Each structure stands twice: as structure tokens, then as C-alpha cells.
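To keep things clear, I will list the structure first and then write my remarks on it.
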Amino acid sequence: MTTAQPLDVQPTPLALLLLGREADPKSERGVECPGDLPSPSDPDLVERARAAKAKLGDKVFVLGHHYQRDEVIQFADVTGDSFKLARDAAARPEAEYIVFCGVHFMAESADILTGDDQKVVLPDLAAGCSMADMATAEQVAECWDVLTEAGVADVTVPVSYMNSSADIKAFTGKHGGTICTSSNAERALNWAFEQGEKVLFLPDQHLGRNTAVRDLGMSLDDCVVYNPHKPNGGLTAEELRDAKMILWRGHCSVHGRFSLDSVNEVRERIPGVNVLVHPECRHEVVAAADHVGSTEYIIKTLEAAPAGSKWAIGTELNLVRRLANRFADEGKEIVFLDRTVCFCSTMNRIDLPHLVWALESLAEGNLVNRIQVDRETESFAKLALERMLALP
């Protein structure tokens, strides 16, 4: 009987990262949150947050993304989607501290758009974004090499969704592209096709596909999906040459959960229901919906809806619950599109204990969890953002 020899297997950096034994400083995921957090059961948390915020006064400006918990959103000076909040922060140059109750890429955008003397704070560094994590700077650079070898890089314009890291925004700016939001994706793509023949859309394949097909009239055959985990993205040079939209294989972990079955089931359960979904949902869900639009569009649609109307909403659960409560007195029935409860898990990392800890630390003169983008990255990322702001 022979003795089995040990295998000489060296774990890859990705494997170590997934095992929690290494950290990727360029990833959206945070790795630690220094300091002693208050107990989540502390009955004085609300009063402590109020006291710390009052002590800071105009020195602090608190931003709250729509997907935040109610316990956090109550302390926000303004609420909105990621880009609106970043612009709101830039419009408050007197605020020394910008406390962003959102996720990492949002805080990066705020740092890019605010003054050098302003400091952006993320209450929990582990509040990342799974979608933004799906495209790293190294992967995108490799993709560009593949496009170059296929002879199409010169006619390809990158368009990156706001939900991307500063590194990806910088890549976009450096290569003549622009940023988009879910509200202006159609304008961004129209602009891009005036600059070139193809678009590399990062990192959400669904928003790119839905915008191209629903708004620009392309076919699904005009779109291919680049998979960064396969050689050459899993595509041939001919497929890249034939495609108009090269979609990155990324998605939102919340919106990607909604299915056509969800739509069919809610229509059977609630006769006369209006299905309203975010364009980050899968194409078949968007095609089956009655209304499709950004977070701000969803809110405005419900504001304008007649009393007694029924709505099934395909977006993050914290916002759906808040809207259901807000419009209940008007007789509007608002339900979550799927029966499965689905919060944005990383957004929910910003809870009241983390917010209290951040505010109290700042009130005591201790700067914690600062999000700071390096100058070169900031320069190219701002260029891409400025192109978006200049869209016709």
C-alpha cells in the first residue's frame, strides 16, 4: 500500500479572500471597524445620536440613502439615491464632516465631488456593494486588452454605472467614457454611440441590457456578456466584433432576485395590481412590468398614483416598507414584489450603533472611517462624472 503524497497546492489570492484570510484593499468590502460600538440593545442610542449630532452642529452633514433602515434614516439631513446625495454633499462646503449612510462606492463619489478640506466618513467600513465588487480594476484592464486584441477597443466607449468603485470610474474617464445613473442611462448610451460603435457597460449587465433594448430599440442579439472569470471573457473575437453592447457580468444581489414568477404570482394574488420595478432587474422581469424606473422614479410614481391603487414594487425592502407606510392613509396598497424578504445586506450594515459611534467619535475630535480617494484616481473619475453632468 502506497502512502498518498501531499499535494503542492497554493491557494490563489481570490481563494484566500473568500476564506477571509486575506484582504483586497481595492475591493468594496471593508475589513474592520475600529473602536467600541455601543450595544444594539442600548435604549439610549437615539438620544446619544441626537446629542452627538447637536454637538457637531453645522460641522456635520448626514446623508441617508433610500435603502437605509428607518432607525438610521431619521438622522439624515437629506435622503436620496447615491448620486443625488454626493451632489448634496458637494453643495455643503461648510460641512467639515460628511457622514454617508450608504455603501463604500457612494462615499467614494462624495469624496471625489467634495472639497479637499471636507472629510467623508462611512460608519461601517464593511458596508460595501456586491455589484461594485464584481468588477475590479485588474479585471477591467484585462478586458480592455481582450478588446484590443479583437481589434475593437478603438471603437468601444466605456459607460460605467454609478454603482462602481472609484477605480472603475477612473478607468472610464481615462478611456473617454462616462458615468450613468439609472435615471440617465439612455442619455449616456446615446452619447456613447455618438463617440463610437460599441459600448462596454460596467458593472451591471441588467441595466445595460434593459436600456439598450427597451429605450434604444436594440435586440438581445446586439448584446453579449463578458465574464471576467473566463478566458477572453468567454467570447470570441467575432462575437465581440458583431456586438453593439458588451455587458459586464455583474448584477445587483437584491434586484437580481426578482423573477418572472414573482410578477405572475403577484398578479394572480392581487387583481389589478401595477408592477413597478427598478431597471437593475432581469430583462424578463422588466419586460413583464407595467412601469420601470430609478428609485426616484418609483417614489414619484407612487406620489402621483391615485388613491386606492395597488402596487407591487421590485426594489429594496426598506424603501418599499417606508413607502407603504407613507401612503397607507391615502388608501394606496403597496407590497413587495417577491414573497421572500430581501434587504440589501451590505446597506443594512449601517445600523444605529455604528452611526452613534461615528458621530460620537467626531464630536470628541476623533476622525474615524474616513473614505479618501487618491488624487490620480480622483482626477480621472471626476472627468467621467463631469462628462455625465454635461450629457445633453
Side-chain angles (χ1 to χ4, degrees), residues 26-28 81-83 86-87 90 103-113 129 131-148 152-209 211-212 216 223-226 228 233 240 243-252 279-280 371 373-392:
K26 293 186 177 180
S27 168
E28 286 289 312
D81 60 18
S82 59
F83 187 59
R87 285 191 301 176
V103 294
H104 196 274
F105 78 80
M106 299 178 187
E108 284 185 330
S109 296
D111 183 60
I112 290 167
L113 293 175
C129 171
M131 180 199 294
D133 274 341
M134 293 176 188
T136 67
E138 291 78 10
Q139 289 172 331
V140 176
E142 183 178 336
C143 171
W144 200 254
D145 288 342
V146 172
L147 299 185
T148 300
V152 299
D154 289 344
V155 295
T156 301
V157 178
V159 175
S160 292
Y161 191 22
M162 180 62 67
N163 299 27
S164 58
S165 68
D167 285 335
I168 301 306
K169 290 182 176 72
F171 169 90
T172 305
K174 189 179 295 187
H175 289 82
T178 186
I179 307 302
C180 76
T181 68
S182 52
S183 299
N184 67 13
E186 180 182 0
R187 283 187 288 145
L189 287 185
N190 279 325
W191 174 87
F193 281 112
E194 291 173 359
Q195 318 306 312
E197 300 173 10
K198 304 175 187 296
V199 165
L200 171 63
F201 195 90
L202 300 151
D204 180 26
Q205 61 170 306
H206 300 306
L207 177 62
R209 181 182 296 106
T211 306
L216 272 62
C223 308
V224 295
V225 178
Y226 182 94
L240 288 170
K244 293 181 180 178
M245 290 287 293
I246 303 167
L247 307 169
W248 192 263
R249 190 175 182 269
H251 65 274
C252 170
E280 290 176 18
I371 302 299
V373 178
D374 68 84
R375 289 298 179 89
E376 182 179 0
T377 301
E378 177 181 299
S379 174
F380 284 110
K382 185 176 288 187
L383 179 61
L385 287 165
E386 288 171 347
R387 289 194 186 113
M388 180 181 76
L389 292 172
L391 288 174

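Fair warning: this is a prediction, and the values are worked out from it, not measured in the lab.
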What's the shortest heavy-atom distance between [X] and [Y], and which atoms?
| X | Y | answer |
| --- | --- | --- |
| T156 | W144 | O-CH2, 3.4 Å |
| P203 | A135 | CB-CB, 3.9 Å |
| P158 | H175 | CD-O, 3.5 Å |
| Q205 | L247 | O-CD1, 3.9 Å |
| E108 | A166 | OE1-N, 2.7 Å |

Between [atom1] on residue [X] and [atom2] on residue [Y], distance to nearest 0.5 Å:
| X | Y | atom1 | atom2 | result |
| --- | --- | --- | --- | --- |
| M106 | C129 | CE | SG | 7.0 Å |
| T211 | Y161 | OG1 | OH | 9.0 Å |
| E186 | C180 | CD | SG | 11.5 Å |
| E280 | C252 | CD | SG | 4.5 Å |
| N184 | L189 | CG | CG | 9.5 Å |
| E138 | D167 | CD | CG | 7.5 Å |

Could you check if a side-chain atom of [X] sits within less than 4.5 angstrom of a side-chain atom of [Y], using non-hydrogen atoms only?
| X | Y | result |
| --- | --- | --- |
| C223 | K244 | no |
| S160 | F201 | no |
| R249 | P228 | yes |
| L202 | V159 | no |
| D81 | T181 | no |
| D204 | N163 | no |
| R209 | V225 | yes |
| S164 | F105 | no |

Q | Verdict with supporting geometry, I168 and V140, side-chain contact (heavy atoms from CB on, under 4.5 Å) | A | CA-CA 8 Å; I168 301 306; V140 176; 3.6 Å; yes
Taking V373's backbone N and O only, do any of them form a donor-acceptor pair with T377's side chain (distance below 3.5 Å, no angle check)? no
For residues 378-392, tabulate all N or O donor-acceptor pairs below 3.5 Å that involve a side-chain atom, not counting sequence neighbours.
| from | atom 1 | to | atom 2 | distance (Å) |
| --- | --- | --- | --- | --- |
| K382 | NZ | I112 | O | 3.4 |
| R387 | NH1 | G173 | O | 3.1 |
| R387 | NH1 | G177 | O | 2.8 |

With sequence neighbours left out, the residues meeting side chain to side chain contact (heavy atoms under 4.5 Å, CB included) with Q195 are V157, W191
Test side-chain contact (heavy atoms from CB on, under 4.5 Å) on L240 and L147; report intermediate values, then the result. CA-CA 7 Å; L240 288 170; L147 299 185; 3.8 Å; yes
With sequence neighbours left out, the residues meeting ring-ring contact (aromatic ring centres under 6.0 Å, His included) with Y226 are W248
- Is the number of heavy atoms from other residues, nucleotides or ligands within 6.0 Å of CG (D154) greater than 12? no
Derivation and outcome, side-chain contact (heavy atoms from CB on, under 4.5 Å), residues V152 and K198
CA-CA 8 Å; V152 299; K198 304 175 187 296; 3.7 Å; yes
